[in-house]
Amino acid sequence: GESVGLHLPTLSVQEGDNSIINCAYSNSASDYFIWYKQESGKGPQFIIDIRSNMDKRQGQRVTVLLNKTVKHLSLQIAATQPGDSAVYFCAENINLDNQFYFGTGTSLTVIP
Amino acid sequence: DAMVIQNPRYQVTQFGKPVTLSCSQTLNHNVMYWYQQKSSQAPKLLFHYYDKDFNNEADTPDNFQSRRPNTSFCFLDIRSPGLGDAAMYLCATSRDWGNGYTFGSGTRLTVV
């Protein structure tokens, strides 16, 4: 499993700017990754996923980049809006394992 | 809409008084998970069911139990809540191993 951090990294961006949220993973066998968005007081919501046979995947205003060489995952949000303010978690799965392992999470604050 | 529903959204219980949290799903997913999430931390898996097969995480306290009487419902029982059990409890489902999760909105448990 992955470590669970006690201190949530934070990121503040101006409305309209692009945001980049990073996630490092430790298991080179991880082959499926998901980014979740969690707003205050709510459950996590699926944003975008990527499998290890890809290095980039795009959705609406979001892009996920996967660098397997350095075991790094990033979420890019274009034209960040106040509604994007939330905690973002990356989660990884290893070979159809019975659970996903969550990263520490990053708190994104969008400044109007 | 198909979804994962958790009741109640907020639960206040007394120290040591048993409490049950409920989760229902209309997705007909095979797997149901219970996660505990404390402030500013990643969700921590307590246990999960694949159909009727129960899987307990090694570090889940005995104080936490679960029941899944049918495909649609899953319950989390906390036999003697302590102050340290105050947290958000998240229910999630997935179609199968290695599939992404659909989360409920969570139940915020307060122990007084």
Side-chain angles (χ1 to χ4, degrees), chain A residues 1-11 21 23-27 29-53 57 59 64 73 86-109, chain B residues 1-11 21 23 25 27 29-51 53-60 87-110:
Chain A
E2 299 302 309
S3 61
V4 175
L6 296 179
H7 301 285
L8 203 61
T10 58
L11 175 66
I21 299 170
C23 179
Y25 63 96
S26 58
N27 195 326
S30 295
D31 57 7
Y32 182 40
F33 304 86
I34 299 177
W35 279 101
Y36 286 94
K37 172 187 179 183
Q38 187 175 25
E39 297 176 86
S40 180
K42 297 183 179 179
Q45 292 177 285
F46 174 96
I47 300 174
I48 192 168
D49 61 354
I50 190 168
R51 297 202 179 266
S52 58
N53 61 351
R57 192 151 189 250
V64 55
L73 193 69
V87 176
Y88 290 81
F89 291 100
C90 64
E92 63 186 284
N93 187 263
I94 305 164
N95 194 26
L96 301 179
D97 193 6
N98 60 11
Q99 63 175 290
F100 278 78
Y101 298 93
F102 285 82
T104 304
T106 296
S107 177
L108 174 67
T109 301
Chain B
D1 288 341
M3 55 184 10
V4 180
I5 301 169
Q6 290 188 243
N7 284 303
R9 288 295 309 277
Y10 301 93
Q11 175 75 57
L21 311 181
C23 177
Q25 55 130 343
L27 297 158
H29 281 176
N30 289 313
V31 196
M32 294 188 78
Y33 302 83
W34 278 105
Y35 279 84
Q36 179 192 64
Q37 186 179 30
K38 296 192 175 181
S39 181
S40 300
Q41 295 186 22
K44 178 181 181 298
L45 182 64
L46 296 173
F47 26 57
H48 64 277
Y49 277 93
Y50 189 109
D51 195 12
D53 293 333
F54 178 70
N55 297 272
N56 198 34
E57 290 300 292
D59 57 355
T60 298
M88 172 77 89
Y89 289 87
L90 296 165
C91 174
T93 72
S94 67
R95 185 182 305 112
D96 209 325
W97 300 139
N99 292 154
Y101 294 169
T102 300
F103 281 91
S105 297
T107 295
R108 170 72 64 186
L109 178 69
T110 301

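Letters A, B, ... are given to chains in the order of the sequence lines, protein chains preceding strands, and every chain is numbered from 1. In this text, all values refer to a predicted model and were calculated from it rather than measured experimentally.
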Heavy-atom pair of closest approach, residues [X] and [Y]:
X        : Y       : answer
B:Gly100 : A:Ile34 : CA-CD1, 3.4 Å
A:Gly103 : B:Ala42 : O-CB, 3.1 Å
A:Lys42  : B:Met88 : N-CE, 4.3 Å
B:Gln37  : A:Phe89 : NE2-CZ, 3.5 Å

Nearest-0.5 Å distance that lies between atom CG in B:Leu45 and atom CG in A:Asn98: 8.0 Å
Against chain B, label A:Gln38 side chain, backbone, both or neither, depending on which of its atoms sit under 4.5 Å from a heavy atom there.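 Interface part for A:Gln38: side chain.
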Segment of A:Phe100 engaging chain B (4.5 angstrom heavy-atom cut-off):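 Contact with chain B is through both the backbone and side chain of A:Phe100.
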In terms of relative ring orientation, are B:Tyr101 and A:Tyr36 parallel, tilted or perpendicular, with 30° and 60° separating the classes? tilted
Which atoms of [X] are under 4.5 Å from chain A, going by heavy atoms: the side chain, the backbone, both sets, or neither?
X       : result
B:Tyr50 : neither
B:Tyr10 : neither
B:Gln6  : neither

Is the count of non-hydrogen atoms from other residues, nucleotides or ligands lying under 6.0 Å from B:Arg9 atom CZ greater than 12? yes
At a heavy-atom distance under 4.5 Å, which candidate from A:Asn95, A:Leu96, A:Asp49 has the highest pair count against chain B?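 The option with the most such pairs is A:Leu96.
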